[in-house]
Amino acid sequence: MLSTRFNQTCFALVDCNNFFVSCERIFNPRLINKPTIVLSSNDGCVVARSNEAKLLGIKMGQPYFQIEKLCRQNHVHIFSSNFELYGDISKRVMTTLFDFCLDSEIYSIDEAFLRLDKMSINVVEYAKKIKETIWKNIGIPVSIGIAPTKTLAKMASHLAKQNLTSGIYDLRSENAREIILQTFPVEEIWGIGKQTATQLHYSKIHMTSQLCATPSTYLKKRFGVMMMRIINELNGISCLSLEEVHSVKNIMCSRSFGKPVTTLSDLLEAVSTYCANACKKARLQKIKAQGICVYLRTSLFNKTKPFYSASDQKILLLPSNDTVLITTIAHDLLKKLFKSNYDYQKVGVILLNLIDENIKQNDLFENKNNDDNKILMNLLDVMNEQWGKKSLFLAAEGTQKLWSVKSARRSPRYTTQWNELLLVL
DNA sequence: GCTGGATTCCACC
DNA sequence: CTAACGGGTGGAATCCAGC
């Protein structure tokens, strides 16, 4: 007889360990057991650390310039983000997980929830098999947390990471939970962030067990409905189910500049580039924007220069994913927002209220249909697929891109670019 | 007061 | 030599105008 109660829900959270670093290691085995980090775009902050790098005290999200010296002294291997590579490896991991369990939800680039209670299996044995398969076939180490709710499964995966030998942690037994909750800090609970944690500490609530013992009327009044959901989940009552594949509502594209930008022409180039990326993404998903928002701002951190931030949006007469149209509108918006004599750090474009491209809502006053540029856009996408990214683009994007991001240490895109395949010499 | 829409806050990876 | 800090998502709470 299995220890689980009849009818009890059971979720597994499969989480890739140090995901971006693990991806780099697949193609560069010399990195194994060496301190290694991956930087955010623009080589700004640390977004992934190997265990060795964690031991050196390098923090998640830490700005790189603060640890540059430490890295040099300890021969830390440093990489710029290589999202094409990570996305491709992620796809392989998720496909493998779907083979094990169709009832699953991709939660992020490196995590997925599986619903296991409807399968007649020994859950822990099954988890072991999943872990071994992903390691053997893809070369990515994962941790797996098992529990009756998603929030507890998240907690279990945390604990699984501390247990390096098995990498699996089972929190289905109520007795086991009772002990664990006494030493699990509230700030590590899924859904409780920095602000909430600070307030909890202020109310002398530090450990999860203390949180669960706090009267729910008080918690609801002070922290809202989200907190009630968290408490229920911690008590083993499942409130969060696997989510449907949610349709995207907005697409945002923005980057910080490699160095401050002051001229309107550079900003227009950048905005054009982001429009092209966003529209391409929309066409790929077969959706159209009903509005577009443009924003720009100076650095949040530079206290010596004046701060400026602005945004504006325009509703489209007809939904569109046409790069030419969207870029034209974005240019108009940006020209209105632009003020000279500022050091700009970032501009961004957001396609708003996306809807299925097949939904046609003919405008009463505009008789023509809005497929004008469909053929051109299709051509653009096909050419760029065939001849490589950015073979064909609008002149407005510019060719120099003096503003573009820093990405000095990116590894080759081994799996997605023919000319960057791994060479065996 | 009530409503819906816009904006801000918070959290996550 | 100095200055240097991501890019997305989504949901809830809150604000505010118009009734």
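Looking at heavy-atom distances under 4.0 Å, A/D110 makes contact with sugar-phosphate atoms alone, never a base. Within the nucleic acid shown, A/K281 comes within 4.0 Å of sugar-phosphate atoms alone, with no base atom in reach, counting heavy atoms only. Contacts of A/Q62 with the nucleic acid, taken as non-hydrogen atoms under 4.0 Å apart, are absent. In this structure, A/I189 reaches the sugar-phosphate backbone alone: every heavy-atom distance under 4.0 Å involves primed, P, OP1 or OP2 atoms, never a base.
OP1 or OP2 of B/dA11 sits under 4.0 Å from a side-chain N or O of A/T196. One finds a side-chain N or O of A/K346 lying less than 4.0 angstrom from the OP1 or OP2 phosphate oxygen of C/dG7. Side-chain nitrogen and oxygen atoms of A/S41 include at least one within less than 4.0 Å of the OP1 or OP2 phosphate oxygen of C/dG7.
In this structure a side-chain-to-backbone donor-acceptor pair under 3.5 Å is present from A/N321 to A/I287. A/E233 places no side-chain N or O within 3.5 Å of a backbone atom of A/T149 that could act as its donor or acceptor partner.
In this entry the distance linking CG of A/N250 with C1' of C/dG11 reads 13 Å, nearest Å. Here C/dG11 presents its P atom at 15 Å from CD1 of A/I230, a figure rounded to the nearest Å.
When the C1' atoms of four end pairs are superposed on the next four at each end of the helix from B/dG1-C/dC19 to B/dC13-C/dG7, using five pairs per end, the two resulting axes differ in direction by 20°, to 10°.
The pair A/E111-A/K154 counts as a salt bridge, with a side-chain nitrogen and a carboxylate oxygen less than 4.0 angstrom apart.
One C1' atom belongs to B/dC12, the other to C/dG6, and the distance between them is 14 Å to the nearest Å.
More than 12 heavy atoms of other shown residues, nucleotides or ligands fall within 6.0 angstrom of atom CG in A/D99.
Comparing C/dG6, C/dT9, B/dC13 by their closest approach to the side chain of A/V47 singles out C/dG6.
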